[in-house]
Each structure stands twice: as structure tokens, then as C-alpha cells.
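Heads up: the structure comes next, in C-alpha cells.
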Amino acid sequence: MSRRTLLASTLALAACGSGEAAVVPIERPVPSLKSIAPFPIGAACMTGQLSDRVWFNLVSEHFSQLTADWEMKMEYILQRDGSFRFDAPDRIAAFARDQNLRLFGHTLIWYAQSHPWFEALTGDRARFAAEYDRYIATVAGRWRGQVVGWDVVNEAVSEDGRGLRDCVWSQGLGGIDAYILRAFEQAKLAAPEAVLFLNDYNLENNPVKGATYLHLVERLLKAGAPITGLGTQSHLDIDIPAGQITVFMRELAQFGLPIHVSELDASLRDDGRLPDLRPRRQRIERQTARVAELAEAFMALPRAQQFAFTTWGVRDIDSWLRRGDKDDGQDSPLLFDAEGRANPMFHAVASSFSP
């Protein structure tokens with residue numbers, strides 16, 4: 001059966017009867033993703049999931065790499081007095097080691113976590129820089145030799161894509177390029193074996209933002225930044241035009257660096273401005289088409305540039321899109337449902353990876 005035929009049959013089973021009927025899980029044997037993909041398959045995790053039997057079985061069967069969802073971020077690790085806590089990230093690191101899974105580090109410097117410890121130091125550049133260096137050295141160095149790559153700087157491009165973010169890091173170190181360059185230089189010292197990524201989101205969804213990201217990479221590389229990997233989060237908008245993902249992936253590949261699809265999910269929900277009145281089946285068709293395009297564009301990369309293909313969670317109930325008061329329990333943004341059954345999105349990925 002061809003990839004397209006398989007995908008079509010999956011969609012036919014996925015939404016039967018009424019257009020708003022719930023997805024009918026595909027009750028048939030599914031291939032192990034890690035066995036058919038010629039590159040690592042990753043998933044984000046939290047320590048609370050490590051003892052969940054359904055989650056554990058899915059990870060064991062399909063995944064070969066883990067990313068800490070939140071518990072390796074500064075917000076968790078750095079305390080208000082400048083001390084560190086490593087209980088949760090150490091548990092994830094130990095789990096990955098025990099299960100023979102690659103471990104990916106996320107993230108060292110992120111504009112969204114302007115920690116009070118650093119906010120208090122913005123008027124003292126020398127002390128700010130020393131603490132910045134200490135944080136990166138301590139965290140990136142803790143799992144040296146185990147963490148295969150780090151998101152060194154996360155989400156440096158502004159929301160609309162027309163510039164870069166001014167944040168506590170740029171304010172404390174005297175400029176946007178200054179904080180990014182310094183982060184990569186310090187990460188290289190602390191974890192010289194790791195692939196060092198500049199990671200961002202909406203790069204496929206927003207061509208303006210994608211172009212700004214590409215120009216930033218070019219400028220930083222010319223300035224000598226030891227960027228050795230490029231991360232595209234791939235929180236996909238299911239309504240972007242067909243072909244847009246493929247175009248961006250080709251542009252990203254021009255640098256010759258390893259590429260990480262680092263946080264894949266694809267929400268079926270509307271953007272919050274207008275209700276989405278389309279039948280659920282139609283939204284699933286859009287979702288699977290965009291996810292299949294991403295997977296096929298990643299497959300088309302040279303093997304040396306296929307660092308890993310990571311989903312931001314394993315089951316729908318693990319997703320950040322299913323947290324909070326507005327969740328109605330109906331979104332299906334990941335590969336598996338709450339019971340661990342394959343969603344249509346899984347088959348879009350699997351069919352794209354199959355020989």
C-alpha cells in the first residue's frame with residue numbers, strides 16, 4: 001500500500017457519521033516509529049509521566065530520545081537565592097540512561113523566564129555576566145557526555161517575526177546579539193560534545209518570522225557563534241498553505257547544519273478569535289496533510305542534517321494545549337490518544353517515514 005493510500009484509509013476511519021463525531025482510533029497493529037525512521041524519534045516528558053504504564057509502553061515502543069518539557073528550564077532549576085535544584089531533571093536523566101534513550105537539553109536561555117535573580121542584577125553588567133556564565137556552565141556541564149544537544153537560546157525572534165526580542169538577557173549584557181553569542185560560547189565550553197541549537201517557533205507558519213530567523217542564523221554564524229544545530233519547534237498551524245513547510249525546510253537546510261523538529265504538535269482548535277465551524281473530519285484532514293508534509297520534508301534532508309524528529313508530548317492528554325480552564329477535552333494535537341491508541345496524525349508520520 002502506498003503512503004497516500006494508507007493516509008487516505010486512515011482518514012476514512014478517523015471520522016465516521018456526523019462531521020463532529022469523535023475520532024475513531026485505528027484498531028490495527030502500528031509500526032514502531034523508531035524502527036522505521038532513519039533518525040531519532042523524540043518526545044517531551046515530565047517526571048510525573050515516568051511511572052505511567054501506558055506512557056512508558058509507548059515510549060519504549062516508539063521513541064529513542066527524550067526532552068525535558070519544563071523541568072530542565074531555568075524557572076525550575078534556579079532558585080530565588082541563586083542556588084540550583086536538580087531533583088526532577090536528574091530523574092529524567094537517570095530514566096533516559098536506564099532506558100537507553102538519548103537525552104536532549106531544553107533550554108538554557110529563554111526570554112520568557114526573566115528570573116528574579118537576574119532581574120536584580122541588570123544594573124551591574126559584570127556581575128550579571130558572571131552569573132550568566134555560571135548558570136550555563138553549571139546546567140550544561142551537569143549532564144556533559146549524556147545530553148546530545150541543547151536548545152541554547154530559545155525563541156529569540158519576536159512574536160510577529162519582524163525583529164528580535166529585547167529581554168532581561170539583552171538588557172543585562174548590552175544587546176541582543178551579545179546575549180546570544182555569549183550563551184553559545186559558554187555552552188560550547190560547558191558541553192563541547194553537544195550539538196548547540198538556536199530554537200524558535202512559528203517558522204513554518206509565518207514566512208516573515210522564518211526569514212528573520214534565517215537572517216539571524218546567518219549573522220550569528222558570521223560573527224563566530226558556535227551554533228551547530230537549528231531547531232524548528234513546528235507547533236503547526238493546520239491552515240497554512242500547502243507547500244509552505246517544504247519551502248521553509250529547504251531554506252533551513254542551506255546552512256548544512258543538523259536540523260531538529262523539536263516540539264511538534266498540531267492543534268485542531270481555532271485560534272481563539274473565531275469559532276471553527278468546520279466538521280472535525282475536515283480539520284483532521286488539514287492536520288494530517290500538514291504533518292505529513294513536515295515529515296516528508298524532514299525525510300528529504302541529507303541524512304547528516306536529520307538530528308531528530310520530536311513531538312511535544314506523547315499522548316493528547318500530555319500536551320500543553322490540553323492544560324488550563326479552556327480545555328474542552330476535544331483537541332487531538334499529538335500522535336496517540338489518552339488510551340495510547342494511534343491517532344490519524346501518527347499514521348501521517350509513519351507513512352511518511354516508511355520505506
Side-chain angles (χ1 to χ4, degrees), residues 72-78 80 82 84 105-142 144 147 149-203 206 208-233 252 254-258 260 262:
M72 209 173 273
K73 291 187 172 83
M74 184 182 290
E75 186 177 39
Y76 184 89
I77 290 174
L78 185 62
R80 294 188 70 88
F84 298 83
H106 175 82
T107 177
L108 293 173
I109 300 297
W110 185 25
Y111 85 94
Q113 293 186 351
S114 53
H115 198 280
W117 178 252
F118 283 99
E119 290 172 348
L121 301 176
T122 53
D124 184 345
R125 185 172 298 181
R127 177 118 187 263
F128 191 103
E131 288 299 300
Y132 191 81
D133 295 351
R134 180 179 76 99
Y135 180 82
I136 295 173
T138 302
V139 176
R142 187 173 183 86
R144 177 175 173 173
V147 169
W150 274 102
D151 286 332
V152 177
V153 174
N154 193 46
E155 301 176 0
V157 181
S158 64
E159 181 72 24
D160 64 6
R162 299 186 184 279
L164 304 180
R165 298 184 192 273
D166 186 23
C167 56
V168 68
W169 315 117
S170 56
Q171 294 159 15
L173 291 171
I176 294 170
D177 284 11
Y179 93 80
I180 299 175
L181 278 165
R182 193 179 190 103
F184 277 94
E185 290 166 355
Q186 294 302 312
K188 182 67 175 177
L189 292 173
E193 306 92 349
V195 183
L196 305 179
F197 287 83
L198 182 68
N199 191 50
D200 221 311
Y201 70 103
N202 275 354
L203 304 180
N206 180 352
V208 172
K209 188 166 187 176
T212 300
Y213 173 87
L214 295 171
H215 292 150
L216 175 62
V217 171
E218 183 177 21
R219 186 169 76 245
L220 290 169
L221 289 174
K222 286 181 178 178
I227 297 171
T228 51
L230 304 176
T232 178
Q233 294 181 16
L252 194 61
Q254 68 182 314
F255 296 102
L257 296 174
H260 187 192
S262 57

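Quick note: residue numbers are just sequence positions, from 1.
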- Query: Judged by modelled atom types alone, do Glu159 and Tyr201 share a side-chain donor-acceptor pair under 3.5 Å?
  - Reply: yes
- Task: Start with the C-alpha distance between Leu189 and Gln186, add both sets of side-chain angles, then the distance that settles side chain to side chain contact (heavy atoms under 4.5 Å, CB included), and finish with yes or no.
- Result: CA-CA 5 Å; Leu189 292 173; Gln186 294 302 312; 4.1 Å; yes
- Task: Mind listing the closest non-hydrogen atom pair of Ser170 and Tyr179 along with its distance?
- Result: N-CD2, 3.7 Å
- Do Val157 and Arg165 pass the side chain to side chain contact (heavy atoms under 4.5 Å, CB included) test, and can you show the C-alpha distance, the side-chain angles, and the key distance before you say yes or no? CA-CA 6 Å; Val157 181; Arg165 298 184 192 273; over 6 Å; no
- Query: How close do Ala190 and Ala140 get, heavy atom to heavy atom, and via which atoms?
  - Reply: CB-CB, 3.8 Å
- Interatomic spacing from OG in Ser158 to OH in Tyr111 - rounded to 0.5 Å: 10.0 Å
- Query: Does the distance from a Lys or Arg side-chain N to an Asp or Glu carboxylate O, for Asp177 and Arg219, drop under 4.0 Å?
  - Reply: yes
- Check salt bridge (Lys or Arg N to Asp or Glu O under 4.0 Å) between Arg162 and all other residues, then give those that pass, not counting sequence neighbours. none
- Would you say the side chain of Lys73 lies within less than 4.5 Å of the side chain of Trp110, judging by non-hydrogen atoms? yes
- Quick one: closest heavy-atom pair of Leu108 and Ala187, and the distance? CD1-CB, 4.1 Å
- Item | Within-4.5 Å side-chain heavy-atom neighbours: Glu218 and Phe255 | yes
- Without swapping roles, check the side chain of Thr122 against the backbone of Gly172 for a donor-acceptor pair under 3.5 Å. no
- Using side chain to side chain contact (heavy atoms under 4.5 Å, CB included) as the criterion, point out the one residue from Leu230, Val152, Val153, Asp151 that pairs with Asn199. Asp151
- Determine which pairs satisfy salt bridge (Lys or Arg N to Asp or Glu O under 4.0 Å) with at least one residue from residues 185-196, sequence neighbours left out, and list them in order. Arg144-Glu193
- State the OG1-CG distance between Thr212 and Leu164, to the nearest 0.5 angstrom. 7.5 Å
- Message: For a 4.5 angstrom cut-off between non-hydrogen side-chain atoms, does Leu181 reach Leu220?
- Response: yes
- Beyond-backbone contact of Val217 with Tyr213, side-chain heavy atoms, under 4.5 angstrom: yes
- Message: Looking at every non-hydrogen atom in both residues, tell me the closest pair between Gln113 and Trp169 and how far apart they are.
- Response: O-CZ2, 3.3 Å
- Note on the structure: Rounded to the nearest 0.5 Å, the SG atom of Cys167 sits from the CD atom of Glu155 at a distance of 11.5 Å
- Residue pairs fulfilling salt bridge (Lys or Arg N to Asp or Glu O under 4.0 Å) with at least one residue in residues 112-130, sequence neighbours excluded: none
- Message: Between Leu203 and Lys209, is there a side-chain heavy-atom distance shorter than 4.5 Å?
- Response: yes
- Query: Got a donor-acceptor contact below 3.5 angstrom from the Thr228 side chain to the Leu196 backbone?
  - Reply: yes
- Message: Could you report the tightest heavy-atom contact between Trp150 and His106, atom names first, then the distance?
- Response: CZ3-N, 3.7 Å
- Note on the structure: By side chain to side chain donor-acceptor pair (under 3.5 Å), Thr232 pairs with (sequence neighbours left out) Glu204
- Run the numbers on Phe184 and Ile180 for side chain to side chain contact (heavy atoms under 4.5 Å, CB included), then give the verdict. CA-CA 6 Å; Phe184 277 94; Ile180 299 175; 3.9 Å; yes
- CA sep, side-chain torsions, deciding dist, call: Ile77, Val139, side chain to side chain contact (heavy atoms under 4.5 Å, CB included): CA-CA 9 Å; Ile77 290 174; Val139 176; 4.1 Å; yes
- Pairs where residues 129-141 contributes a residue and the test side-chain hydrogen bond (donor to acceptor under 3.5 Å, both in side chains) is met, not counting sequence neighbours: Trp117-Glu131, Glu131-Arg134, Asp133-Arg182
- Qualifying residue for side-chain hydrogen bond (donor to acceptor under 3.5 Å, both in side chains) with Gln233, from Asn154, Asn202, Asp200: Asn154
- Item | Closest approach of Pro258 to Phe197 (non-hydrogen atoms, all atoms of both residues) | O-CE2, 3.8 Å
- Item | Partner residues of Tyr76 under the side chain to side chain donor-acceptor pair (under 3.5 Å) criterion, sequence neighbours left out | Asp87
